[in-house]
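Inspection log for the structure reproduced underneath, given as structure tokens.
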Amino acid sequence: MREYLFEKPEAWKLARAFRRSIYQVSKTFPPSEKFGLTSQVERAASSITANLAEGAGRLGFKDKIRFVNMAYASCLEFLDHIIGAHDLGYIDEDKYVELRLQLDQVVSKIERFTAYLNKKESESTSTSSVRN
């Protein structure tokens, strides 16, 4: 079975594990939240991996960086939702801290990935301006 480019970065691998954790936690939310907070939490977590995957399929560095930035924004969206879930008593303090720490790892990898892409874009731009 082929491994696609988006599956290689550590940021995507951590976000994938994070998404699994979120889906397990969201199953414990009240049924009344099925189309509310549950859906929003799951979509935000899925959006992290989806944006990293889509960015990997883009040709230019600017496009790649834009999608990685959207993955970062999805992390922040998720954080807001999970704060709300904690405030409403849907998750206890231990689970809340665990999810925040897991999210911190994902965000850290995304930030490093963004820095790497920015560096590569800068190198590409400086190389192409030397040629011209």
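Residue numbers run from 1 in the order of the sequence given.
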Next item on the list: Quick one: do Arg100 and Val97 satisfy side chain to side chain contact (heavy atoms under 4.5 Å, CB included)? Show the steps, please.
Entry: CA-CA 5 Å; Arg100 290 227 27 176; Val97 169; 5.7 Å; no
Notebook entry, point to check: Is Arg66 paired with Asp63 through a side-chain N to carboxylate O contact shorter than 4.0 Å?
Noted result: yes
Next item on the list: Search all heavy atoms of Leu103 against all heavy atoms of Phe78 and return the closest pair with its distance.
Entry: CD2-CD2, 4.0 Å
Next item on the list: Take Ile48 and Ile110 through the test side chain to side chain contact (heavy atoms under 4.5 Å, CB included) and record every step on the way to the result.
Entry: CA-CA 10 Å; Ile48 299 166; Ile110 288 174; 4.1 Å; yes
Check: Hey, does the side chain of Ser74 reach the backbone of Met70 with a donor-acceptor pair shorter than 3.5 angstrom?
Finding: yes
Item checked: Minimum heavy-atom distance Asn51-Ala71, with the two atoms named -> CB-N, 3.8 Å
Next item on the list: Examine Ile22 and Leu76 and state if one hydrophobic cluster contains both, with Ile, Leu, Val, Met, Phe, Trp and Tyr joined whenever side-chain heavy atoms are less than 4.5 Å apart.
Entry: yes
Next item on the list: Give a yes or no on this: more than 12 heavy atoms of other residues, nucleotides or ligands lie within 6.0 Å of atom CG of Leu59.
Entry: no
Margin query: If I compare all heavy atoms of Pro9 with all of Phe113, which pair ends up nearest, and what's the gap?
Written below: CG-CZ, 4.1 Å
Item checked: Leu52-Tyr23 co-clustered via ILVMFWY side chain contacts under 4.5 Å -> no
Check: So, Ser26 versus Glu42: side-chain donor-acceptor pair below 3.5 Å or not?
Finding: yes
Check: Out of curiosity, Glu33 CD to Gln40 CD, how far, rounded to the nearest 0.5 Å?
Finding: 8.5 Å
Next item on the list: Would you please say whether a donor-acceptor pair under 3.5 Å links the side chains of Arg43 and Ser39?
Entry: yes
Notebook entry, point to check: Do Phe18 and Leu14 pass the side chain to side chain contact (heavy atoms under 4.5 Å, CB included) test, and can you show the C-alpha distance, the side-chain angles, and the key distance before you say yes or no?
Noted result: CA-CA 6 Å; Phe18 182 65; Leu14 286 172; over 6 Å; no
Next item on the list: Without swapping roles, check the side chain of Lys64 against the backbone of Ala56 for a donor-acceptor pair under 3.5 Å.
Entry: yes
Note to self: Using side-chain heavy atoms (C-beta onward) and a distance below 4.5 Å, is Tyr72 in contact with Thr114?
What the structure shows: no
Next item on the list: Look at the rings of Tyr90 and Phe29 and say which category their plane angle falls in: under 30° parallel, 30 to 60° tilted, over 60° perpendicular.
Entry: tilted
Checklist line | side-chain hydrogen bond (donor to acceptor under 3.5 Å, both in side chains) evaluation trace for Arg112 with Ser108 | finding: CA-CA 6 Å; Arg112 287 190 213 141; Ser108 178; 3.1 Å; yes
Next item on the list: Decide whether Arg19 and Thr49 meet the rule of one side-chain donor and one side-chain acceptor closer than 3.5 Å.
Entry: yes
Notebook entry, point to check: Could you go step by step and tell me if Lys109 and Gln105 meet the side chain to side chain contact (heavy atoms under 4.5 Å, CB included) rule?
Noted result: CA-CA 6 Å; Lys109 288 294 182 182; Gln105 290 179 324; 5.9 Å; no
Check: Would a 4.5 Å heavy-atom cut-off, applied to side chains only, mark Ile83 and His86 as touching?
Finding: no
